[in-house]
Amino acid sequence: MVGTSFNISNYTETGIVDVALLTGKVKISVPIHEEDVVIEPDHCYEYRKTEQTGVLKEVDSHLYNQWINNKLVFDNRKLEEVFTVLEGWFNRKIHVSREVKQKQGVSFTVRDESIEEVLKGLSKIVPIRYTIEREEIRILPR
């Protein structure tokens, strides 16, 4: 693939695979579709393994590669996905209480903030509280 740039994220915890294209064109084979899926710039194919569903959606693809610039950008991402990404970014285990509603979408950017600063800000926009003990974080309902 010459002149093609894309980002793939595959978090086993959420069961979601995202392929976001910045430049060029990518064709992927997905068992749930009879024909290959062609992804063009500013589009993302999201495959949900557990539900065996996939959707091609229009996105701002530059949000998907901001990790290169040492930034995490979340644009209406479900809390369950956010916690999984934060876990890897900060190399901390995050335990989320079953009572926390994780289907809610949130939008924010992480630049140079610590995990505590991120969680403090997040707790202002969603009803959660948190505890940090050594390398483990617990997310609880407020």
Side-chain angles (χ1 to χ4, degrees), residues 1-132 135-142:
M1 288 184 266
V2 177
T4 300
S5 55
F6 59 95
N7 186 69
I8 298 176
S9 56
N10 180 10
Y11 293 101
T12 55
E13 295 86 352
T14 62
I16 297 172
V17 179
D18 281 328
V19 180
L21 190 67
L22 281 78
T23 61
K25 191 181 276 193
V26 171
K27 181 168 45 172
I28 59 174
S29 297
V30 184
I32 61 171
H33 298 293
E34 291 181 19
E35 297 181 13
D36 291 342
V37 176
V38 177
I39 307 172
E40 296 186 356
D42 286 326
H43 286 80
C44 176
Y45 184 80
E46 180 182 277
Y47 178 69
R48 294 181 174 272
K49 296 182 216 177
T50 53
E51 292 110 18
Q52 296 274 312
T53 60
V55 63
L56 184 64
K57 55 188 179 181
E58 193 169 342
V59 297
D60 179 355
S61 58
H62 289 88
L63 299 178
Y64 286 80
N65 75 336
Q66 286 302 305
W67 57 270
I68 294 169
N69 302 318
N70 211 24
K71 284 189 218 174
L72 284 178
V73 180
F74 299 101
D75 183 30
N76 199 29
R77 298 295 290 221
K78 292 181 181 173
L79 274 177
E80 63 186 343
E81 298 169 40
V82 169
F83 290 133
T84 299
V85 173
L86 291 176
E87 197 173 54
W89 187 260
F90 289 103
N91 196 26
R92 301 272 189 96
K93 184 68 184 158
I94 298 178
H95 303 278
V96 183
S97 167
R98 290 185 179 151
E99 298 165 6
V100 174
K101 294 182 172 119
Q102 295 191 68
K103 301 297 181 192
Q104 176 181 351
V106 294
S107 299
F108 65 97
T109 300
V110 177
R111 291 177 184 86
D112 297 322
E113 293 84 1
S114 68
I115 185 65
E116 188 162 7
E117 291 170 314
V118 171
L119 293 172
K120 185 176 183 180
L122 196 53
S123 70
K124 292 180 181 189
I125 59 174
V126 293
I128 62 164
R129 58 190 172 92
Y130 61 92
T131 61
I132 300 175
E135 299 302 312
E136 294 196 358
I137 298 166
R138 299 207 180 281
I139 307 293
L140 305 160
R142 189 169 10 150

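Throughout, residue positions are numbered sequentially from 1 according to the sequence presented.
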Q: Decide yes or no on side-chain contact (heavy atoms from CB on, under 4.5 Å) for V85 and F74, but give the supporting numbers first.
A: CA-CA 10 Å; V85 173; F74 299 101; 3.8 Å; yes
Q | Nearest heavy-atom neighbours spanning V59 and H43 | A | CG2-C, 3.9 Å
(Q) Just to verify, what does F90 make a ring-ring contact (aromatic ring centres under 6.0 Å, His included) with, not counting sequence neighbours? (A) none
Q: Please test L140 against R129 for side-chain contact (heavy atoms from CB on, under 4.5 Å), starting from the C-alpha separation and ending with a verdict.
A: CA-CA 5 Å; L140 305 160; R129 58 190 172 92; 3.5 Å; yes
Q: Would you mind reporting whether K71 and T109 have side-chain heavy atoms less than 4.5 Å apart?
A: yes
Q) How many angstroms lie between atom CD1 of I39 and atom NZ of K25, to the nearest 0.5 angstrom? A) 11.5 Å
Q: Show your reasoning for whether side-chain contact (heavy atoms from CB on, under 4.5 Å) applies to L86 and L72.
A: CA-CA 9 Å; L86 291 176; L72 284 178; 4.0 Å; yes
Q. In Å and rounded to the nearest 0.5 Å, what is the OG to CD1 distance from S123 to I128?
A. 6.0 Å
Q. Nearest 0.5 Å, what's the CG-CD distance between L56 and E40?
A. 8.5 Å
Q. At what distance, to the nearest 0.5 angstrom, does CD1 of I115 lie from CD1 of I137?
A. 4.0 Å
Q | side chain to side chain donor-acceptor pair (under 3.5 Å) against T53, all qualifying residues, sequence neighbours excluded | A | none
Q.
Please determine whether the number of non-hydrogen atoms from other residues, nucleotides or ligands lying under 6.0 Å from atom NZ of K101 exceeds 12.
A. no
Q.
Heavy-atom count check: over 12 atoms from other residues, nucleotides or ligands less than 6.0 Å from N76 CG?
A. yes
Q | Whether R48 side chain and V55 backbone form a donor-acceptor pair below 3.5 Å | A | no
Q.
Could you tell me if the side chain of I132 sits less than 4.5 Å from the side chain of R92, heavy atoms only?
A. yes
Q. Is a donor on one side and an acceptor on the other found under 3.5 Å between the side chain of E87 and the backbone of I94?
A. yes
(Q) For the CZ atom of R77 and the CD atom of Q104, what is their distance to the nearest 0.5 Å? (A) 15.0 Å
Q. Is there a donor-acceptor contact under 3.5 Å linking the side chains of S61 and D42?
A. yes
Q) Angle class for the Y45/H33 ring planes (parallel below 30°, perpendicular above 60°, tilted otherwise)? A) perpendicular
Q | Non-hydrogen side-chain atoms of F83 and L122 separated by less than 4.5 Å | A | yes
Q: Could you list the residues that satisfy side chain to side chain donor-acceptor pair (under 3.5 Å) with K57, not counting sequence neighbours?
A: E46
Q. Should the heavy atoms of other residues, nucleotides or ligands under 6.0 Å from CD of E51 be counted, would the total exceed 12?
A. yes
**Q.** Distance (rounded to the nearest 0.5 Å) between S114 OG and E116 CD
**A.** 6.0 Å
Q: Begin with the C-alpha distance, continue with both residues' side-chain angles, and end with the deciding distance and a verdict on side-chain contact (heavy atoms from CB on, under 4.5 Å) for T4 and L21.
A: CA-CA 8 Å; T4 300; L21 190 67; 3.8 Å; yes
Q) Do you know the tightest heavy-atom contact between V100 and P141? A) CG2-N, 3.6 Å
Q. Mind checking whether V82 and F108 have side chains closer than 4.5 Å, heavy atoms only?
A. yes
(Q) Can you confirm whether D112 sits close enough to N70 that some side-chain heavy atom of one is under 4.5 Å from a side-chain heavy atom of the other? (A) yes
